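Here the structure comes first, spelled out in structure tokens, and everything after it is commentary.
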Protein chains: 2
Amino acid sequence: MASENLTERQPDQTLGQLAYDSIRSDILKGHFAPGSPLRLQALKERYGFSFSPLREALNRLQSEQLVVSYAARGFRVTEISLEEMWDAIDTRILIDCEAFRRSIRRGDDDWEGRVMGAFHALSRAFERNLELGAEVTEDQVHQLEDRHRAFHHALVSESGSNWMKVFSTQLYNQTQRYRWPYFSTRGGNVFLKKSYLAEHREIAERAVARDEEAAVALMAKGFRRTGEIIESLLKGEDETDRGT
Amino acid sequence: MASENLTERQPDQTLGQLAYDSIRSDILKGHFAPGSPLRLQALKERYGFSFSPLREALNRLQSEQLVVSYAARGFRVTEISLEEMWDAIDTRILIDCEAFRRSIRRGDDDWEGRVMGAFHALSRAFERNLELGAEVTEDQVHQLEDRHRAFHHALVSESGSNWMKVFSTQLYNQTQRYRWPYFSTRGGNVFLKKSYLAEHREIAERAVARDEEAAVALMAKGFRRTGEIIESLLKGEDETDRGT
DNA sequence: TTCGCCCATTCTTTCGAAAATCTGCGCTTT
DNA sequence: AAAGCGCAGATTTTCGAAAGAATGGGCGAA
């Protein structure tokens, strides 16, 4: 059964886990649009798993609010809305800023190194995307997203709180769905992207300088600003986009 | 298939949902002890569902950190530890106090009514348990737990944040696992229980008086105190328990 | 004796199909 | 024409069994 997958499977990796990773990734990448139904037959054809591991994955995603289920009527990708976005951002400010604060207090040299390393990788990915402009491939956008995730993860990684880590990850995933128009080619412009990178540099610098208040304030400000930019983009008010 | 359950099933209630509710409840009630394995065959015999809905339930519980899964070696109830408890309590202070603060600001008369109503029901359940002393039945302990949950839910119910509600519920469930020795007959004593009720009364009164700072401070203090009491109970330092 | 290997057993994971449920269309009735 | 009914097709949910992994005990080699 499913023996053809044996070689591809990592040890300790079940099909259910694989399905979970795949579907989540596809939702975050926007392959499955918010609100769209996730039909089992379609998922089976896309991934090659049978219903059981797919349903397990969908149930996990349901608990993480990436998917909603309707009894006997299947699953859908959770809708997005400005209201939802601001709720996620506000809650993320609450969680991530506290976890960041604790990391600044508790983190050792190794943590500083991870933060600066993650920032370096992020800035490289940023530069590459900037240089390429509209020529950027989808893979490169996703790599930038991964670097961005790794950077934010590093910032809060020494909070010492497992629960904050869990919630932080969940909220990151949620807000990533909204960042899509921002990171995509169409969305951002050079000026915005450069200031975005500068913000992140400042955060990293304040963090390793152990300037708790400034670092946390910058993080909160960054989250809010991102929200405002996305709000203007989603509303079709692309005035800020002229510099492109 | 499973036609014998038709009458018992609520509309829009699948077996998977039922299994989820049942297993979660049994974990929270302590029927499945922390760290104990959740074998599918045993669950099947206990609830009468086949593997599929049971696995769906376990996968959801895994996302909520009530269960951990080990690839190809099944599921276990998440372990408890003092460290984990304090993490949950600290994070709960962060989330619930913020949600409480917002509810105090935003809540209308109806909210005040729900808070006072929930407190009233809580105090009645408390009194009943106090009167019965060691004679209290398990069901009554569970009813007290339900009232307690309803009260705390009411306090934060007008935060306007869906994410805080989700996290608050999750953390409530987690901390409930630790409150078990506290609410159980053996654990608490009359003096402790009375002061516990008095704390909750104060919180409710400060809430409806819209005394934001006092109310939030009391809530945080209550969470911490509960943690300390449980810590002393778990460590076997039952000195505080003499008044019984 | 001790270590490592193999096999039987137990348990999890996955599959394919049956049962239950939902959806939409066309029919009838008012 | 509008509302109600019922059936056919599509979809989800559930089951039972097969396949795949882990566990533990017994056997043989060092």
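All values reported here derive from a predicted model rather than from experimental measurement. The basis for the numbers below is simple: all heavy atoms, side chains too, and nothing from hydrogens, waters or symmetry mates. Every chain is numbered from 1 and lettered A, B, ... according to where its sequence line falls, protein lines coming before strand lines.
Between B:R73 and C:dC11 there is no side-chain polar atom (N or O) within less than 4.0 angstrom of OP1 or OP2.
Straight-line distance from the OH atom of A:Y70 to the C1' atom of D:dT11: 16 Å, rounded to whole Å. Following rounding to the nearest Å, A:L43 (CG) and D:dT12 (C1') show an atom-to-atom distance of 12 Å. Atom pair B:E45:CD and C:dC11:C1' shows a separation of 13 Å (rounding to whole Å applied). Separating the OH atom of B:Y20 from the P atom of D:dT13 is a distance of 16 Å, rounded to the nearest angstrom. Going from atom CG of A:L54 over to atom P of C:dC15 covers 8 Å, rounded to whole Å. For the pair B:E56 CD and C:dT12 P, the interatomic distance rounds to 17 Å; values are reported in whole Å. Atom C1' of nucleotide D:dA21 and atom CD of A:Q17 are separated by 17 Å, given to the nearest angstrom. Taking atom NZ of A:K44 as the reference point, atom P of D:dA10 lies 16 Å away to the nearest angstrom.
In the set C:dC15, C:dT12, D:dA22, the nucleotide with an atom closest to the side chain of B:F51 is C:dT12. Closest to the side chain of B:L40, out of D:dT23, D:dG16, C:dT13, is C:dT13. Comparing D:dA22, C:dT21, C:dT14 against the side chain of B:A72 picks out D:dA22 as the nearest. Closest to the side chain of B:P53, out of D:dT12, D:dT14, C:dC15, is D:dT14. You'll find that the side chain of A:S52 is closest to C:dC15, out of C:dT13, D:dA22, C:dC15. Taking only side-chain atoms of A:T14, from C-beta outward, the nucleotide of D:dC15, C:dC11, C:dT14 with the closest atom is C:dT14.
Side-chain contact check for B:R114 and B:S157: at least one donor-acceptor pair (N or O, by modelled atom type) lies under 3.5 Å.
Residues B:F151 and B:H200 place their aromatic rings such that the two centres sit under 6.0 Å apart. A:F119 and A:H148 have their aromatic ring centers separated by at least 6.0 angstrom.
Using a 4.0 Å heavy-atom criterion, one finds that A:R55 contacts the bases of the nucleic acid, with or without backbone contacts as well. Among the atoms of the strands shown, only primed sugar atoms or phosphate atoms (P, OP1, OP2) are found under 4.0 Å from some heavy atom of A:F75.
By the neighbour-count criterion of 12 heavy atoms within 6.0 Å, atom CZ of B:R124 is sparsely surrounded, having that number or fewer from other residues, nucleotides or ligands.
Taking the ring centre of B:F51 as origin, the terminal cationic atom of B:K44 falls inside the region bounded by 6.0 Å and 45° from the ring axis.
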